Amino acid sequence: MPELPEVETVVRGLRLHLPGRRIVELRLSKKTDFIDDAVALGDRVPGSLIRAVRRHGKFLVLDLETDAADGTEARAELLVIHLGMTGQLTVVAADTEVKLHTHVFFTLDDRRELRFCDPRRFGRMLVATPADGEKILGPLGADPLEVSEADFRRLITSRRARIKALLLDQTVFRGMGNIYTDESLWRAKIHPARLGANLKPQEIKKLQRAMRAILEEAIRLGGSSISDYVGADGEPGEFQIRHRAYDREGKKCFRCGTKIRRMIVAGRSSYFCPKCQRAPRVS
DNA sequence: CGTTGAACCTGTTTGC
DNA sequence: TGCAAACAGGTTCAAC
């Protein structure tokens, strides 16, 4: 569920509560298969100070400062979290009722808790040294909000894959998911099955502008809530009412009135207007 | 290289 | 009504 705008919304919400707080205790449910090393998490996270909260693609990163048990030296650690399809990260009062499928409780030093709830457990969580964290975050591609025009064009044209597959590939662009890919392609009038290498310069330019505009507006509206997603304070997003293609099969295209169609591209449901987004001749 | 399908897991919606 | 199939915002891996 959570793509760049949703993760960004969660990060901004967490920033209102977490920096400067200390994690005093960690509790886990019995289902911890989404944690790389649950023992390490329990050993290294309690007692640490949260310095900052940031986003890298769809990953949330909490910068922690851990006091060495015996000495005075402070160590930097990263708490790396991915929300998968149904992950929620919220800050609540410690006596708030516990939602089903809540698997991690970080007790804070202000009588509140940071909770991770994830029914499907497609999320991921680990504690890592900055060097180990780099192994996960390093391979991620360009940030679609910051990439230059030249880099954007190079990333789109230097590979022979469908544009939909390219945009979803986290090593090409970090943060794009199924919703914002379809919305961007609809806005730029590009069929999802077109090859990136075959896009015309003008189309590439248009696509980059469409992606930026859509991601920025989605962030402004707090992301898209389809069924599970909520921000750090439990509030849903509002961008779903602005969707023009995603999950609109059979409904009229907002531009031309043609019925939106759905087809599988890159293994994912892809929604597009067959008139505005002309299909490629081959493939 | 790139594509496809399956797997991971739970919940909800759709179809007969 | 009831049950089974299809589908879901993501990622990863094997097979072709």
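The chains referred to below are lettered A, B, ... by the order of the sequence lines, with proteins before strands, and numbering in each begins at 1. Since the structure is predicted, the reported quantities are computational estimates derived from the model, not experimental observations. Computed over heavy atoms, backbone and side chain alike; hydrogens, waters and symmetry mates excluded.
We find that CZ of A:Phe34 is positioned 15 Å from C1' of C:dG10, with the value rounded to whole Å. Atoms CG (A:Leu195) and P (B:dC1) sit 16 Å apart, rounded to a whole Å. Straight-line distance from the CG atom of A:Leu83 to the P atom of B:dC8: 22 Å, rounded to whole Å. Counting to the nearest Å, the C1' atom of C:dT12 and the CZ atom of A:Arg121 are 17 Å from each other. In this structure, the CG atom of A:Asp228 is 13 Å from the C1' atom of C:dC7, given to the nearest Å. In this entry the distance linking CD of A:Glu249 with P of C:dA8 reads 10 Å, nearest Å. For A:Asp169 and B:dC1, the CG to P distance is 12 Å, given to the nearest whole Å. Atom CG in A:Leu167 sits about 15 Å away from atom P in C:dG9, given to the nearest Å.
A:Asp228 and A:Thr86 are not linked by any side-chain donor-acceptor pair at a separation below 3.5 angstrom, with hydrogens and angles left out of the test. There is a side-chain donor-acceptor pair under 3.5 Å between A:His17 and A:Asp233. Checked by atom type, the side-chain pair A:Ser224/A:Tyr180 shows a donor-acceptor distance below 3.5 Å. A side-chain donor-acceptor contact under 3.5 Å links A:Ser269 and A:Arg262.
Position along DNA chain C of the nearest nucleotide to A:Arg120 versus A:Arg124 favours A:Arg120 as the more 5'-ward residue. Nearest-nucleotide mapping onto DNA chain C: of A:Phe122 and A:Arg262, the residue sitting toward the 5' end is A:Arg262. Checking A:Ile264 against A:Arg159, the closest nucleotide of DNA chain B that is more toward the 5' end is the one next to A:Arg159.
A distance-only check finds a donor-acceptor pair linking the side chain of A:Asp109 to the backbone of A:Arg22 [under 3.5 Å].
Closest to the side chain of A:Lys31, from the set C:dG9, B:dT10, C:dG10, is B:dT10. Residue A:Tyr246 has its side chain nearest to C:dG9 when only B:dG2, C:dG9, C:dG10 are considered. Side-chain proximity of A:His101 to B:dC9, B:dG11, C:dG10: nearest is B:dG11. Closest contact between the side chain of A:Arg162 and the listed nucleotides B:dT10, C:dG9, B:dT4 involves B:dT4. Minimum atom distance to the side chain of A:Ile179 is reached by C:dG9, of the listed C:dG9, B:dG11, B:dC9. Comparing C:dA8, C:dG10, C:dT11 by their closest approach to the side chain of A:Gln170 singles out C:dT11.
The cationic atom of A:Arg244 (NZ for Lys, CZ for Arg) lies less than 6.0 Å from the six-membered ring centre of A:Phe254 and within 45° of the ring axis. The side-chain tip of A:Arg255 points at the ring of A:Trp186 from less than 6.0 angstrom away and within 45° of straight on. Figure legend: A:Arg121 and A:Phe34 shown without cation-pi pairing, the cationic atom not lying both under 6.0 angstrom from the six-membered ring centre and within 45 degrees of its axis.
One P atom belongs to B:dA6, the other to C:dA5, and the distance between them is 15 Å to the nearest Å. Between C:dT12 and B:dG11, the two P atoms lie 24 Å apart (nearest whole Å). Across the C1' atoms, C:dC7 and B:dG5 are found 16 Å apart, a figure rounded to whole Å.
Phosphate contact (OP1/OP2 of C:dA8, side-chain N/O of A:Ser269, threshold under 4.0 Å): present. Residue A:Arg268 has no polar side-chain atom (N or O) positioned under 4.0 Å from OP1 or OP2 of C:dA8.
Among the heavy atoms of the strands, none lies under 4.0 Å from A:Leu166. Residue A:Gly177 is in sugar-phosphate contact alone, with no base atom involved, counting any heavy-atom pair closer than 4.0 Å across all strands shown.
A search for ring pair (Phe, Tyr, Trp, His ring centres under 6.0 Å) contacts involving A:Phe173 returns A:Phe152, not counting sequence neighbours.
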### Paired and unpaired positions of DNA chain C as dot-bracket, Watson-Crick or G-U wobble under 3.5 Å, | denoting a partner strand
.|||||||.|||||||

